[in-house]
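Keep in mind it's a predicted model, so treat the numbers as computed, not measured. FYI, side chains are in, hydrogens and waters are out, and symmetry mates aren't considered; it's all heavy atoms of this structure. Chain identifiers are assigned alphabetically (A, B, ...) following the order of the sequence lines, protein sequences preceding nucleic acid strands; residue numbering begins at 1 within each chain.
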2 protein chains.
Amino acid sequence: MSVSKTTPVAWQRTHSHGRCIDGAIDAAARICESRGIRLTPLRRRVLELVWGNCKPVGAYGLLDELKREHSSAAPPTVYRALEFLMEQGFVHRIQSLNAYVGCNDPGHSHKGIFLICNDCGDAVEIEDKGVANTIDRFASGLGFLLASQSVEAAGLCPGCQEA
Amino acid sequence: MSVSKTTPVAWQRTHSHGRCIDGAIDAAARICESRGIRLTPLRRRVLELVWGNCKPVGAYGLLDELKREHSSAAPPTVYRALEFLMEQGFVHRIQSLNAYVGCNDPGHSHKGIFLICNDCGDAVEIEDKGVANTIDRFASGLGFLLASQSVEAAGLCPGCQEA
DNA sequence: TATAGTTACGATATAATATAACAAAAACTG
DNA sequence: CAGTTTTTGTTATATTATATCGTAACTATA
């Protein structure tokens, strides 16, 4: 088991978030360059906004932020950017929240587990090969060709249990 | 690993579905009685409709069906029934599809895994304690109080791989 | 540096999913 | 039966996501 180090567990977070954002953007830029694809200003900005929120954020939340500086922004603007960012693995979608979070370890495929606090709304991504491998085995045992997987758990984070 | 027997793997399904529905309704009725809660005609009917579709079905799909026989049905009608059915564990929500399926093993809490075919849209629930236990361990290791979990994998079922 | 091909973005409309709020009816409880 | 709780009816609206089509920007190749 390993909780991601690049984005410490949110409810243990004591650092300022700025460096995380910068690092994530830089990493994305490098990956795009190596893949020959374009991290356009718009896509970069949406990625920054995703990271700027410390919690999973909805598409329309991002849209509101984006509109302040980019008056032409409309729903497709955000959804296209998110689609791109998810395809490239820079952003994950939290299915149970209809919300998006930055991936703290882009560049290599990893099947994360999300722990989502029902109270504060924060989500933490955990890396684990065990769960992913188990699912892989189930799938291949049934002749099912796996394309993606989503593992989400909800409950109360330590901080919110006290309150 | 065990694929549920009460609802055989969909892409291996050769039986008529009627008995599954009846069995699921009967089981739900018995559970409701034992819990002292009401499986009203409306709730029962929605549960039947969920089962009547062999695949995950959206709330508005259910609503269309329900309207045919129940002209006063509106979105809240269906959503309330689904909420009840999910609380009682008779129905699961497939987060990645915004759709609902009958639970083939209600009555005792079980953390299922869903394999979802991106082509035919069918979903199969698999029971597995391993994945659930792994997630439990992660959570308690972090002091996270787990309330629910959702494990969904998408890909191509055997039948749809050929086509 | 033209120019054809591709990719990305703008702009509008609408689809699909879900909930709020309050009134009316039905079912339970003493 | 009267009071209470639960369920359903009804209307309106919120939230999330896509379709479509036109325009602009970038890319590659000559």
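Screening residues 26-42 of chain B for side chain to side chain donor-acceptor pair (under 3.5 Å), with sequence neighbours left out, gives B:Arg35-B:Gln88. Among pairs with a residue in residues 64-74 of chain A, those fulfilling salt bridge (charged side-chain N to carboxylate O under 4.0 Å, His left out) read A:Arg45-A:Glu69, at least two apart in sequence or across chains.
Taking atom OH of residue A:Tyr79 and atom C1' of nucleotide D:dA19, one finds them 14 Å apart after rounding to whole Å. Here the P atom of nucleotide D:dT16 and the CD atom of A:Gln95 are 14 Å apart, to the nearest Å. The CG-C1' distance, from A:Leu39 to D:dC26, rounds to 15 Å in whole Å.
Checked by atom type and distance alone, the side chain of A:Asn53 pairs as donor or acceptor with a backbone atom of A:Leu49 at under 3.5 Å. The main-chain N or O of A:Leu156 is found under 3.5 Å from a side-chain atom of A:Gln161 such that the two form a donor-acceptor pair. A:Lys55 places a side-chain N or O within donor-acceptor distance of the main-chain N or O of A:Cys120, the cut-off being under 3.5 Å.
B:Ser150 and B:Gln95 are not linked by any side-chain donor-acceptor pair at a separation below 3.5 angstrom, with hydrogens and angles left out of the test.
End-to-end axis angle of the helix from C:dT1-D:dA30 to C:dG30-D:dC1, using five pairs per end and rounding to 10°, comes to 40°.
The line from SG of B:Cys103 to CG of B:Asp105 is 6.0 Å long, rounded to the nearest 0.5 Å.
Residues A:Phe138 and A:Ile113 share a single hydrophobic cluster, defined by chaining ILVMFWY side chains whose heavy atoms lie under 4.5 Å apart.
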Inset, instruction - Scan nucleotides 6-13 of chain D nucleotide by nucleotide, 5' to 3', and note B when protein non-hydrogen atoms come under 4.0 Å of the base, S if they reach only the sugar-phosphate, - if neither. - result: SSBBBB--

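For D:dA17, one of the phosphate oxygens OP1 or OP2 lies less than 4.0 angstrom from a side-chain nitrogen or oxygen of A:Tyr100.
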Inset, instruction - Mind running side chain to side chain contact (heavy atoms under 4.5 Å, CB included) on A:Leu62 and A:Leu82 for me, showing each step along the way? - result: CA-CA 10 Å; A:Leu62 292 168; A:Leu82 287 172; 3.9 Å; yes

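Along DNA chain C, read 5' to 3', the first and last nucleotides having any atom under 4.0 Å from a heavy atom of chain B are C:dT17 to C:dC28.
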Run the side-chain donor-acceptor check on residues 73-80 of chain B: report pairs under 3.5 Å with partners two or more places apart or on a different chain.
{"residue": "B:Thr77", "atom": "OG1", "partner": "B:Ala74", "partner atom": "N", "Å": "2.9"}
{"residue": "B:Thr77", "atom": "OG1", "partner": "B:Ala74", "partner atom": "O", "Å": "3.1"}

